[in-house]
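As structure tokens, the structure follows; a few thoughts come after it.
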Amino acid sequence: MSDMSKITIDHSKYIFLLPILIGLGIISGTVVTYLQIYDYQQQLSQSFKHEINGILEGIIDRKQSRLQTISNSVIGFFESSDNITPDEFALFSDRIFSSNPELANISIIEQNQTILYSFPQSDMIGENFDTLFPSHPTQINGMKTMNVEFPMNDFRRIIISVPFDYFISHDTIPSQYFKMILFSPLDNNVRLYEIFNNNGIIETNNVEFTQKELENIIEFNVKTHLFGHTIKKEYVLKYLIWDGALESNNTLSQLLLIIGIISSMVIPFLVYKTNNILRQKIRERSQILEQKNRELEQIKKSKDEFVTMIIHDLKNPIVPIMSFSDILLSNTLGDLTPKQMDRIKIIKSSAMSLQNLINDLLDSQKVELGKLYLNLSENNLSEIVQNTISKFKPEFDIKEITIETNIADNIQCVCDKTRIEQVISNMLLNSLDFVSEKMGKISISLKSDNRTAKITIKDNGIGIEKDQLDKLFVKFYQVTHNMTRKYGGTGLGLAVSHDIIILHGGRIWAESDGIRKGSTFFIELPLKDHDKANATKEK
Ligand code: ADP
């Protein structure tokens, strides 16, 4: 009982860990989910990157070949005549501009950089191109432009100026979070052009990139076959794109985190609260149960004590019955007729049976109350066994039963002499009851090694079924035999014997090969008293 409650207290000590574990579980669950989504977005953006790359390469290819076509037609135009006038050039260029309105300017420059023709900026004619546009990027008529050049067959060059966003198609902006920058490869990554899709409205103003955006940026380079004007190198157009879906502050991720954090606090709190209420209820119930248990134990104890008292009082009237029977039988009070003698003998033997029964009942009550004590002393076990057998000699003789003994001499044992006699008597009486007259045989042996003594009582009586063997030592248990016994019995003898032997620190058990195969009872006793922990002086 007390052990049980200790265990419960230990459990409740750690119960508060449960909500903490649930909280940690939810937090880690949220973080894992968040990371999963983040990872998914990363993968999405990777595949997205390839897609954008393909689109941009396509656009640049088309734009490049268009510029190439324009330059080819200019070359063709100049080869058609030796002396092209500025007006003719303007007329020709105007036609090109009407089918390519995105162009900023077309110029023809000499080897020494002097501008020979220019449209629509005719005021540039005669100027030195490098002096006019000393660095890149440049502006023509207030418009940011890139100048791409194509060689002509006569060492002159065609310069076609295009706006910076010439190589960015607005169709490439796939989501509302999308931003894109085109950097100049020639001038230390100067931003040539920026574009931002703001809720479906495309803005081309200066777009600010946050640190986070710059970290999430996807970069790819596309080489063109066009040449910059200051250094004769191919343009390497560098695009940076950024998709806001990657950002941790997008609404879905934020909502997820908030729900996770709230539930990681609220759910453990609710669990803790419900748990507390349940524990309180259990505590109240177990208190009631404990109280009821105590009451029941008290009632049982009073009842047991009352029964013991009654049983004890029952013994008293037997004393005068027995002693007066003895007095009458001894003829001290006058001679009795044989018939009277017979009846008084019956009175005496019935009184003896009643006394045995009361003694067994008293002993088993004492065991129940934990009040069966041993009176230990050093004894000669060989003598105890021998004397007990001798006591029953008259009964053995009446039934004409063969007795075989094999008792080792002088075995010293610390034990309660009376109690051991009681156990052996009980066994002998049982055997006597269950063997048949004249045919019956009982063998009793006593052996010992240094540590234990072993008493064996074997009979050739009615035997016991194997599945009954363990139950014999249970209080009030009686095997149902067909054979009627000399006297009824109580089913207490072996139970009391068992408790006595256990108190001695010994063992008692029975063996039988079954019905009509006889029974053997074994008693094992430790020789020294160090094992007899429960033994105390009987009060
Ligand atoms: P009882 O007072 O009935 O003899 P015991 O506790 O001494 O009570 O024995 C319990 C039961 O065990 C008996 O009723 C009997 O059925 C069985 N028993 C005990 N000893 C023997 C034996 N030697 N042979 C067969 N059965 C036995």
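Order of listing sets the numbers, starting from 1, for every ligand and every atom in it.
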Find the distance between CD1 (Ile501) and CD1 (Ile508) and round it off to the nearest 0.5 Å.
-> 5.5 Å

For ligand 1, indicate whether the residue Asp433 contacts it via side chain, backbone, both or neither (heavy-atom separation under 4.0 Å).
-> neither

Considering only heavy atoms from C-beta outward, does the side chain of Asp313 approach that of Asn316 to under 4.5 Å?
-> yes

Give the numbers and elements of all ligand 1 atoms closer than 4.0 Å to a heavy atom of Ser519.
-> 22 (C), 24 (N), 25 (C)

Do any pairs count as a salt bridge (charged side-chain N to carboxylate O under 4.0 Å, His left out) and have a residue in residues 338-363, sequence neighbours left out, and if so which ones?
-> Asp326-Lys348, Asp363-Arg419

Relative to atom 20 (N) of ligand 1, which among Leu469, Leu432, Ile462, Asn430 owns the nearest non-hydrogen atom?
-> Asn430

Contact partition for Phe521 relative to ligand 1, non-hydrogen atoms under 4.0 Å = side chain

Near Asn426, which atoms of ligand 1 are under 4.0 Å from a heavy atom of that residue?
-> 7 (O)

Strictly by modelled atom types, are Glu295 and Gln291 linked by a side-chain donor-acceptor pair under 3.5 Å?
-> yes

Which atoms of ligand 1 sit under 4.0 Å from any heavy atom of Leu472?
-> 12 (O), 17 (C)

Report, in ascending order of atom number, the atoms of ligand 1 lying under 4.0 Å from any heavy atom of Leu492.
-> 6 (O), 8 (O)

Per-atom filter on ligand 1: closer than 4.0 angstrom to a heavy atom of Ile464 are 25 (C), 26 (N), 27 (C)

With backbone taken as N, CA, C and O and side chain as the heavy atoms from C-beta onward, which portion of Leu494 lies under 4.0 Å from ligand 1: side chain, backbone, both, or neither?
-> both

Can you give me every donor-acceptor pair (side chain of residues 514-525, partner residue at least two apart or in another chain, under 3.5 Å) with its distance?
residue, atom, partner, partner atom, Å
Glu524, OE1, Arg507, NE, 3.4

Flag for Asn379-Ser377: side-chain donor and acceptor within less than 3.5 Å = yes

Using a cut-off of 6.0 Å, state whether more than 12 heavy atoms not belonging to Met309 lie near its atom CE.
-> yes

Of the side chain and backbone of Leu429, name the one, both, or neither that has a heavy atom under 4.0 Å from an atom of ligand 1.
-> neither

